[in-house]
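Numbered from 1 within each chain, the chains take letters A, B, ... in sequence-line order. All figures in this text were calculated on a predicted structure; none of them were measured in a lab.
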Amino acid sequence: MRRTRLFLPTLKETPAEATIVSHRLMLRAGMVRQSAAGIYTWLPMGLRVLQKIAQIVREEQDRAGAQEVLMPTIQSAELWRGSGRYEDYGKEMLRITDRHDRELLYGPTAEEVITDIVANEITSYRDLPKNLYNIQWKFRDEVRPRFGVMRGREFLMKDNYSFDLDKEGAVHSYNKMFLAYLRTYARMGLKAIPMAADTGPIGGDLSHEFIVLAETGESAVFCDKALLELEAPGDDLDYENDLQPLVDQWTARYAATDEMHDPDKCDVADDQLVTARGIEVGHIFYFGTKYSEPLGAKVQGPDGQSITLEMGSYGIGVSRLVGAIIEASHDDNGIIWPESIAPWNVGLINLKVGDGDCDTLCERIYADLNAAGVEVLYDDRDERAGGKFADMDLVGIPWQLTVGPRGLKDGKIEVKRRADGEKSEIAVDALGDWIAARAAS
RNA sequence: CGGGAAGUAGCUCAGCCUGGUAGAGCACUACGUUCGGGACGUAGGGGCCGGAGGUUCGAAUCCUCUCUUCCCGACCA
């Protein structure tokens, strides 16, 4: 992408409404603009990141055996009356009336919709288990939206729902998601710790929140230091195996959010106990037949008997993750994107637009990177050097290539790694190898 | 939902107390000098001072109502 053509409105100053760092940086880096309280427009650079995060989530869901669907944002009140939640959900649910005075709502979650589909379409035990997910906008009319996209009213969420014949199957489905979540966060460069959680309005008796530690987190958390050392499951994870031992590794040690924290039950030695703040980036639930029972989701078993399905639901706040990752990875100059979700992997700075040699070389590098499949943001603006460097740091591109007359005299260009600021020079002749290395990573 | 604050140029803000031609910096446009980590000069463009009522000869400024946004707390992917 050429910077001169890109819509990337960066700001030198911080808009007054932003108080936490991720919100400030998202506004400054031209990722989002606020439209109303807790409601945002995603600009090109923000959308690229959002889509990359969604794609990682998608890949890990698919790998764990879930299948993608797309459910409506607007749902019928009738469906929610079926589960009894239309009245229970309270003011957080945005209720809408259409021209025929039919009651609708903007979905805050989708248990009812998906359970209704499964109730209608799945009638035999042979068709189970099933795990269906979608990545869709949700709306919860928060009393007090804040922190930018971290607590918006409208937010993008991956939510999925598992359907099993019995509790054993449901727990296996739960464990799959437990491990898939660990992998998902790890791929984004995040260390997320599962913590025993309250089940809230979703209900159920088995639940974990996935918490990223960050100073600006909304809740206090307590956990065993050893959890920070645990590695997420690798590519060799086989979801069909017994997953319980792996899950137990994570759940055996103490970890709780403040609402669940009980100092009497906390057996962690003081010097092993981490007390910190955390951002909730995912929440999983097993809740049995809470929805399948009232909504009539059942199948016929091998013996002809009717079996009510065992369910779980699982959520990842995709748009919240954008903020959470920035909270976890930034410095005074701007965002530091992990390579897996960076909007562009390489930033190419032409220090002297209009200089024949610089222009020619930049065009060549730009073409070569594109040809190699490396995503590149080419700053071809006729601006001063300082502004380009500052912008590139602010936007957080992992690798920056700087082409200027000074280096070019010696046939060299500068490479800077955003993460640690380390700079080095490479010969123009060696660029092909460097590009190949980037393409391979 | 309780408590507090703020709405003036795209952004950051001054002006308001004490009513009298709407300002600065950044950003933007043009020209010139500059040019390796957010330059400088000159000349420009850009405002229903959130909205509606009121007081007054006259309101960004005073009064009333209203809308919006933000912050602190109680609640939540």
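In terms of phosphate contacts, Lys91(A) brings a side-chain nitrogen or oxygen within less than 4.0 Å of OP1 or OP2 of C1(B). Residue Arg384(A) places at least one side-chain N or O under 4.0 Å from the OP1 or OP2 atom of A39(B). Look at Gln34(A) and you'll find a side-chain N or O under 4.0 angstrom from OP1 or OP2 of C70(B).
Of the listed nucleotides (C26(B), G36(B), A77(B)), G36(B) has the atom at the smallest distance from the side chain of Glu414(A). Ranking C1(B), G36(B), C70(B) by closeness to the Ala37(A) side chain, first place goes to C70(B). For Arg146(A), the side-chain atoms get nearest to C71(B) when compared with the rest of C71(B), C70(B), C1(B). Closest to the Val143(A) side chain, of the nucleotides C11(B), G37(B), A74(B), is A74(B). If you check A27(B), U12(B), C71(B) against the side chain of Lys12(A), the one that comes closest is A27(B). With U12(B), G36(B), A74(B) as the choices, the nucleotide that has an atom nearest any side-chain atom of Glu17(A) turns out to be U12(B).
Ring centroid separation for the pair Trp137(A) and Phe155(A) does not come in under the 6.0 Å cut-off. Aromatic pair Phe210(A)/His208(A): ring centres not closer than 6.0 Å. Between His261(A) and Phe222(A), the gap from one ring centroid to the other is short of 6.0 Å.
Rounded to an integer number of Å, the gap from Ile211(A) CD1 to A77(B) C1' is 11 Å. The distance between atom NZ of Lys352(A) and atom P of C35(B), rounded to the nearest whole Å, is 8 Å. Residue Asp382(A) contributes atom CG, which lies 14 Å from atom P of A39(B) at whole-angstrom precision. Between Arg381(A) atom CZ and G38(B) atom C1' there is a gap of 11 Å when expressed in whole angstrom units. We find that CG of Leu43(A) is positioned 17 Å from P of G10(B), with the value rounded to whole Å. In this entry the distance linking CZ of Arg144(A) with C1' of U69(B) reads 12 Å, nearest Å. The CG-P distance, from Leu351(A) to G38(B), rounds to 12 Å in whole Å. Whole-Å rounding puts the Glu13(A) CD to U12(B) P distance at 8 Å.
Counting any heavy atom pair closer than 4.0 Å across all strands shown, Gly407(A) reaches a base atom. When heavy atoms are screened at a 4.0 angstrom cut-off, Lys409(A) is found touching no nucleic acid atom at all. When heavy atoms are screened at a 4.0 angstrom cut-off, Thr402(A) is found touching base atoms of the nucleic acid. Using a 4.0 Å heavy-atom distance criterion, Gly421(A) is classed as making no nucleic acid contact. Across all strands shown, Ile316(A) has heavy atoms under 4.0 Å from sugar-phosphate atoms exclusively, and none from any base. Residue contacts shown for Met392(A) are absent, as no nucleic acid heavy atom lies under 4.0 Å away. Here Pro108(A) lies out of heavy-atom contact (under 4.0 Å) with every strand. Nucleic acid contact class of Gly386(A) (heavy atoms, under 4.0 Å, all strands): sugar-phosphate only.
Both the sub-6.0 Å distance and the 45° axial angle are not jointly satisfied by Arg253(A) relative to the ring of Trp250(A).
With a cut-off of 3.5 Å on both pairing distances, G37(B) has no Watson-Crick or G-U wobble partner at all. With a cut-off of 3.5 Å on both pairing distances, the Watson-Crick or G-U wobble partner of A30(B) is U42(B). Across all strands shown, the partner of C13(B) is G23(B), judged by Watson-Crick or G-U wobble contacts whose two distances both fall under 3.5 Å. Pair assignment for C62(B): G54(B), on the basis of Watson-Crick or G-U wobble contacts that are both within less than 3.5 Å. The partner of A6(B), taking Watson-Crick or G-U wobble pairs whose two distances both stay under 3.5 Å, is U68(B). Across the strands present, C1(B) finds its partner in G73(B); the criterion is a Watson-Crick or G-U wobble pair with both atom distances under 3.5 angstrom. In this structure, U18(B) forms no base pair with any nucleotide, since neither Watson-Crick nor G-U wobble geometry is met with both distances under 3.5 Å.
Across the C1' atoms, U29(B) and C72(B) are found 44 Å apart, a figure rounded to whole Å. Comparing A14(B) with G25(B), their C1' atoms sit 11 Å apart, to the nearest whole Å. Nucleotides G19(B) and U55(B) are separated by 11 Å at their C1' atoms, to the nearest Å. A gap of 34 Å separates the P atoms of C35(B) and C11(B), to the nearest Å. G4(B) and G46(B) have their C1' atoms separated by 35 Å, given to the nearest Å. Separation of the P atoms belonging to C16(B) and A74(B) is 39 Å when rounded to the nearest angstrom. Comparing U8(B) with G15(B), their C1' atoms sit 9 Å apart, to the nearest whole Å. Separating the P atom of C67(B) from that of G51(B) is a span of 15 Å, rounded to the nearest Å.
Of all non-hydrogen atoms in Ala419(A) and Ile336(A), the two that sit nearest each other are CA-CG2, 3.7 Å.
Between Arg153(A) and Asp393(A), it is Asp393(A) whose nearest contact on RNA chain B lies nearer the 5' terminus. Residues Glu142(A) and Ala16(A) each lie close to RNA chain B; by heavy-atom proximity, the contact nearer the 5' end of the strand is made by Ala16(A).
Here Phe389(A) does not count as stacked on G36(B), because the ring centres are not under 5.5 angstrom apart with planes under 30°.
Only one option out of Ile397(A), Ile335(A), Asn333(A) pairs with Arg418(A) in a side-chain contact (heavy atoms from CB on, under 4.5 Å); it is Asn333(A).
Ring geometry for Tyr291(A) versus Phe287(A): interplanar angle over 60°, hence perpendicular rather than tilted (30 to 60°).
The number of heavy-atom neighbours closer than 6.0 Å to NZ of Lys412(A), taken from other residues, nucleotides and ligands shown, is 12 or below.
In this structure the side chain of Leu227(A) never reaches within 4.5 angstrom of the side chain of Tyr254(A), judged on heavy atoms.
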